[in-house]
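Since the structure comes first, as structure tokens, the remarks are kept for the end.
Order of appearance sets the numbers: ligands from 1, and atoms from 1 within every ligand. None of these values were measured; they are calculated from a predicted model.
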Amino acid sequence: MNFISFSPELSNGGKMAYLINDECIACDACRPECPNDAIAEGDPLYTINPDLCTECVGFHDEPQCVEVCPTDACVLDPNHEETKEQLMEKKKKIHGE
Ligand code: SF4
């Protein structure tokens, strides 16, 4: 499957949650790295809960699932565009801080 490659920071300043595409080999590299427990095991593909994904805002400069994925299966989800401020608010709600 072909996916358009998006820049993590869009020209309009918007950002997005990530999703896992069918390049996933279910290696489990990403799941323990997610600071929000947003990644779930799946059969055959792992999934990212967009309600929990903050692009790692507030924790890391780069999305950790993208950093560790050996097949580049973690890509931006165009159906969940959010601003950095919204992502930070989500992070605060998840972690109560
Ligand atoms: Fe988790 Fe960060 Fe990947 Fe979102 S971008 S699923 S918060 S590791």
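A donor-acceptor pair under 3.5 Å is formed between the side chain of Thr71 and the backbone N or O of Glu23. For Glu81 (side chain) and Asn79 (main-chain N/O), no donor-acceptor pair under 3.5 Å exists by modelled atom type. When atom types are taken as modelled, the side chain of Asn36 and the backbone of Leu52 share a donor-acceptor pair closer than 3.5 angstrom.
Put simply, the residue from Ile39, Leu19, Ile48 that forms a side-chain contact (heavy atoms from CB on, under 4.5 Å) with Cys53 is Ile48. With respect to Glu89, the side-chain contact (heavy atoms from CB on, under 4.5 Å) criterion is satisfied by exactly one of Lys91, Gln86, Lys92: Lys92.
Contact between Gln64 and Cys56 at its shortest, heavy atoms only, is N-SG, 3.3 Å.
Counting only protein N, O or S atoms, the number found under 2.8 Å from atom 2 (Fe) of ligand 1 is 1.
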